[in-house]
**Student:** 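For reference, the structure I am asking about is given below.
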Amino acid sequence: MKPLRIVHLSDFHCDGSPELRAALARLIDRAIDCDPDLIVVTGDLSADGRPAELDAVAAELERFGPIPRVVVPGNRDLVPSVGPPGEARPLPVDSDLDFFLALEPALGFGFDEGHSAPAGPDTDPEVRFSSRFGRLDARFAAPRIQLVAVNSTPRLRPAELERAARRLRRSPDGAFRIFALHHGLLPVPGRKLRDGDLANRSGDLLALLLELKVELVLHGHVHRAHAWLVSDGHHQTVVASAGALVNDGRRDASFNEILVEDGRLEVRRRSVATGEPSLLFQTTRPG
Ligand SMILES: [Fe+2]
């Protein structure tokens, strides 16, 4: 059987600058070259969740055409922030009103007129995201794959996790089970763990995912291409994080390509600059 090929993209932090727009276009070109069966994007698509930033990313993702894709929001897409990659700090303004006006000067809140701004797809961050990329708890099912994704910003919600668990329990026998979110479940080498890096109750979530026989967990946020094999003695799962598009001067932009076939799972890091793959991780899957 042909191997299943998943492309895992994350953390574009697209701010509308020509440099990042060009880098994103190149990343999408490289990803299309991989001829994937499924695209998973694990959040922080935008620098600040602004409509124009999200529109630019949506237009690029459209280039995947009919290839199925699952897009998860990151903290930057839902909670406005500025700062260097991976940081999240409030804008340096004096009041909440200044804060919001600085983010969306064109919104016109109408505070003086005694009525609120009309609700629209661009006033609520979650609606702003889902109107462009689909539901926040995205999912994908095919005969060989069952993927569920959850929104981890500002935190994982129990009701959403319960829905995800029910869906995974109903997976057809033999389907490859994947779970995707933005925040991490484990620390990764090369990144000092910061407040808010890991999903809340990440230990409990990891135990649940092993019980649900999830074989692959995909996340972003940490800007490091890495994979851990985690086992509770009964089941095992691969927890893989993708690199970022933003370049912090030490690493080039990258994404991951994951190949799954009978008895084997391989994670390759692909450089956006060269397109070259490097083997990040390889394991045998229990039969
Ligand atoms: Fe993030």
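Indexing begins at 1, ligand by ligand and atom by atom, following the structure's order. Since the model is a prediction, treat every value here as computed from it, not as a measurement.
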**Student:** Using side-chain heavy atoms (C-beta onward) and a distance below 4.5 Å, is Lys213 in contact with Leu168?
**Tutor:** no
**Student:** His223 vs His13 aromatic rings, parallel, tilted or perpendicular, using cut-offs 30° and 60°?
**Tutor:** perpendicular
**Student:** Check ring pair (Phe, Tyr, Trp, His ring centres under 6.0 Å) between His8 and all other residues, then give those that pass, not counting sequence neighbours.
**Tutor:** none
**Student:** Just jot down the ring pair (Phe, Tyr, Trp, His ring centres under 6.0 Å) partners of Phe133, sequence neighbours excluded, or say none.
**Tutor:** Phe129
**Student:** Protein N/O/S atoms under 2.8 Å from the Fe ion (ligand 1): how many?
**Tutor:** 4
**Student:** Run the salt-bridge test on Asp252 and Arg269 with the 4.0 Å N-O cut-off and return the result as yes or no.
**Tutor:** yes
**Student:** Please enumerate all residues that pass side-chain contact (heavy atoms from CB on, under 4.5 Å) together with Ser46, with sequence neighbours excluded.
**Tutor:** Glu53, Leu54, Asp77
